Amino acid sequence: MLDIKYIIENLDATKLAMSNRNTIVDLDSVVKCYNDLRIALKQVEELKAFVNKSSSEFAKLKKIGKDTSNLQIEISQHKEKIKILDGQVSELETDLKTKLAYIPNIVHESVPIGKTEADNVEILKHGQVPKFDFDIKPHWEIGLNLDILDQERAASITGSRFCVYKGLGAKLERSLINFMLDTHSANGYTEIFAPFMVNSDSMMGTGQLPKFEEDMYRVVDTNYYLIPTAEVSVTNLHKQEIVASLPLNYCAYSACFRKEGGSAGRDTRGLIRQHQFNKIELVKIVKPQDSMQQLEKLCNDAQKILQLLELPYRVVALCSGDLGFSSCKTYDIEVWMPSYDRFVEISSCSNFVDFQARRANIRFREENKVHFAHTLNGSGLAVGRTVAAILENFQNADGSVFVPKVLQKYLGVDCIRNRD
């Protein structure tokens with residue numbers, strides 16, 4: 001959430017930031033609401049001061065037997081005005097909070113200005129894109145032929161965009177989860193295993209609510225939502241807190257749940273765009289002066305997983321029009337998918353500066369002053385998409401799939417073959 005004082009003092013700059021995001025926000029109505037609230041609060045303060053002063057005078061007059069009827073009427077009238085104004089103040093405070101909750105974050109000055117993903121800027125490429133001397137298959141066909149992925153039975157159990165992992169497929173998914181957590185833990189992240197359901201306050205804190213409620217799965221007749229990412233539960237570990245020491249570095253496994261409304265095409269056939277999927281999330285809570293440097297480290301830590309798996313990838317800086325609602329700056333890491341003949345997002349690493357911290361009230365103390373912390377997160381990595389990338393990049397002509405060296409100790413084999 002943006003600081004209303006920042007908006008007031010930097011109104012033109014904030015309007016430009018919204019324009020760069022291709023976002024329509026009526027900032028003038030926000031400013032008007034804030035000014036109306038200030039006027040109402042001042043009026044209440046003046047009326048209450050009059051009532052306090054008059055009540056003291058009333059007591060003195062009554063003590064000496066003077067007529068207090070007119071003063072009593074005046075005090076009652078002022079109290080009635082205060083009651084009316086208190087209601088207006090409450091409405092204005094709610095209105096202002098709601099308006100602020102729908103305003104996205106300010107774009108960092110280093111973010112490229114653009115309208116769509118076509119304007120994103122490639123930062124680097126790593127690894128060699130594989131070349132095949134046979135007709136390659138998409139990962140869903142490879143998984144079906146190896147009898148390790150079964151989307152047909154998943155559809156009968158639940159519906160479309162779910163998958164059953166079988167045998168070495170299930171073990172590959174589990175091995176990747178352990179490998180990623182082990183790698184990040186060894187790199188200084190504290191492992192967290194948090195609930196997969198959170199309350200609405202937590203969803204508000206990280207920015208999913210209220211704007212994106214239609215994209216979330218809510219448990220009927222409760223205040224609980226299934227998390228779209230462990231970012232929500234892990235960041236909110238410290239909501240309403242003054243954190244004793246920074247930085248905090250967390251890694252967490254979770255199942256993730258997303259409606260993925262409106263998505264279509266080949267992404268719906270395999271593991272790329274599922275309603276339920278596994279992911280390892282990296283979360284950082286840091287001091288403001290360190291957050292941009294920590295974003296670079298976060299991105300490097302996520303890349304390390306792909307480097308160890310020997311999967312080719314690239315990193316792109318998202319342009320202003322492609323940024324997420326809460327993000328100030330984002331790097332997407334995209335892994336090469338041979339059947340797509342392009343790179344596909346496998347991690348998104350973002351710096352939210354104090355945007356989430358203001359919503360969740362996450363603070364720290366420095367030099368006897370309390371400040372809002374900065375929060376960051378990124379996938380380290382999306383597990384199902386990593387499985388898909390391994391199946392496609394390490395496929396062989398006979399239908400088997402090589403297992404990356406770093407996973408062989410977890411999986412117990414160096415190649416996944418058809419059991420027939």
Side-chain angles (χ1 to χ4, degrees), residues 126-128 130 137 139-140 142-151 154 162-194 196 229-230 234 249-256 270-272 274 276-283 298 300-313 333 335-338 344-347 378-396 398-419:
H126 185 277
Q128 294 295 319
K137 292 182 172 62
H139 64 274
W140 56 88
I142 298 170
L144 179 64
N145 294 338
L146 291 173
D147 196 28
I148 61 174
L149 299 178
D150 193 334
Q151 290 190 281
F162 291 88
C163 186
V164 170
Y165 292 75
K166 300 170 60 179
L168 284 177
K171 196 169 184 180
L172 176 59
E173 180 92 356
R174 175 162 55 88
S175 297
L176 279 167
I177 292 169
N178 289 336
F179 161 66
M180 292 175 188
L181 288 173
D182 289 347
T183 302
H184 294 310
S185 295
N187 198 26
Y189 290 83
T190 299
E191 184 176 342
I192 299 291
F193 187 63
F196 294 171
T229 163
V234 176
N249 301 297
Y250 295 126
C251 63
Y253 156 76
S254 78
C256 304
L271 300 175
I272 300 302
Q274 298 269 287
Q276 175 188 318
F277 58 95
N278 294 315
K279 185 155 68 79
I280 307 302
E281 192 74 4
L282 304 177
V283 173
L298 178 71
N300 289 335
D301 292 339
Q303 291 176 63
K304 185 177 181 180
I305 299 297
L306 291 171
Q307 293 167 7
L308 291 171
L309 291 172
E310 301 181 79
L311 288 167
Y313 69 90
I333 304 172
V335 69
W336 179 254
M337 294 293 291
V344 174
E345 180 200 334
I346 198 167
S347 173
S379 304
L381 304 163
V383 183
R385 293 189 178 198
T386 308
V387 169
I390 289 172
L391 296 181
E392 293 204 6
N393 282 278
F394 296 119
Q395 63 180 296
N396 299 308
D398 63 359
S400 64
V401 175
F402 285 128
V403 175
K405 291 180 182 178
V406 292
L407 292 182
Q408 291 175 11
K409 67 177 181 179
Y410 292 92
L411 208 58
V413 298
D414 60 4
C415 189
I416 301 174
R417 295 181 172 87
N418 193 311
R419 288 176 291 181

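Everything numeric here is computed off the predicted structure, so don't read it as measured data.
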Take Val406 and Glu310, measure what side chain to side chain contact (heavy atoms under 4.5 Å, CB included) needs, and give me the verdict at the end.
CA-CA 9 Å; Val406 292; Glu310 301 181 79; over 6 Å; no
For a 4.5 angstrom cut-off between non-hydrogen side-chain atoms, does Lys137 reach Asn145?
yes
Taking all non-hydrogen atoms of both residues, which atom of Ile272 and which atom of Ala388 are closest, and how far apart?
CD1-CB, 4.2 Å
Which heavy atom of Tyr410 sits nearest to which heavy atom of Lys171, and what is that distance?
O-CE, 3.6 Å
Would Thr183 and Lys304 count as having a side-chain donor-acceptor pair, cut-off 3.5 Å?
no
Within the 4.5 Å heavy-atom criterion, are Pro130 and Trp336 side-chain neighbours or not?
yes
With no hydrogens and no angle check, just 3.5 Å: does a side-chain donor-acceptor pair link Tyr253 and Asn178?
no
Which class fits the ring pair His126 and Tyr313: parallel under 30°, tilted 30 to 60°, perpendicular over 60°?
parallel
Can you confirm whether Phe394 sits close enough to Ile416 that some side-chain heavy atom of one is under 4.5 Å from a side-chain heavy atom of the other?
no
Do Ser400 and Asn418 have side chains that approach each other closer than 4.5 Å (heavy atoms only, starting at C-beta)?
no
Check: Leu176 and Val387 side chains under 4.5 Å, non-hydrogen atoms:
yes
Any heavy-atom pair between the side chains of Ser379 and Ile280 that's under 4.5 Å?
no
Taking every non-hydrogen atom, the tightest pair across Gln151 and Cys163:
CG-SG, 3.8 Å
Taking atom OG1 of Thr386 and atom NZ of Lys279, what is their separation to the nearest 0.5 Å?
11.0 Å
Determine the minimum heavy-atom distance between Ala230 and Glu281, stating which atoms define it.
CB-CB, 3.8 Å
First locate atom NZ of Lys405, then atom CG of Leu309, and finally report the distance between them rounded to the nearest 0.5 Å.
13.0 Å
Run the numbers on Phe402 and Asn396 for side chain to side chain contact (heavy atoms under 4.5 Å, CB included), then give the verdict.
CA-CA 8 Å; Phe402 285 128; Asn396 299 308; 3.1 Å; yes
Please report the C-alpha distance between Ile333 and Gln303 in whole Å, then the side-chain angles of each, then the deciding distance to 0.1 Å, and finally whether the side chain to side chain contact (heavy atoms under 4.5 Å, CB included) criterion is met.
CA-CA 7 Å; Ile333 304 172; Gln303 291 176 63; 3.8 Å; yes
So CD1 of Ile192 and CG of Asn249: to nearest 0.5 Å the spacing works out to 11.0 Å
Is any side-chain heavy atom of Val335 less than 4.5 Å from a side-chain heavy atom of Arg385?
no
Which residues share a salt bridge (Lys or Arg N to Asp or Glu O under 4.0 Å) with Asp182, sequence neighbours left out
none
Could you walk me through whether Asp301 and Tyr189 pass the side chain to side chain donor-acceptor pair (under 3.5 Å) check?
CA-CA 10 Å; Asp301 292 339; Tyr189 290 83; 2.5 Å; yes
Got a second to check how far Ile148's CD1 is from Arg417's CZ, nearest 0.5 Å?
13.0 Å
Using every non-hydrogen atom in the two residues, find where Leu172 and Leu411 come nearest and quote the distance to one decimal.
N-CD1, 3.4 Å
Drop me the distance from Leu381's CG to Ile177's CD1, to the nearest 0.5 angstrom.
12.0 Å
I need the minimum non-hydrogen distance between Ala255 and Asn278, along with the two atoms involved.
CA-OD1, 3.8 Å
pair Leu271-Leu149: side-chain heavy atoms closer than 4.5 Å
yes
Could you walk me through whether His139 and Gln395 pass the side chain to side chain contact (heavy atoms under 4.5 Å, CB included) test, one step at a time?
CA-CA 9 Å; His139 64 274; Gln395 63 180 296; over 6 Å; no
Could you work out, with ring-ring contact (aromatic ring centres under 6.0 Å, His included) as the rule, every residue matching Phe162, not counting sequence neighbours?
His275
Spatial distance of atom OG (Ser175) from atom CD (Gln408) [nearest 0.5 Å]
11.0 Å
Check: Leu181 main-chain N/O paired with Glu191 side-chain donor or acceptor under 3.5 Å
no
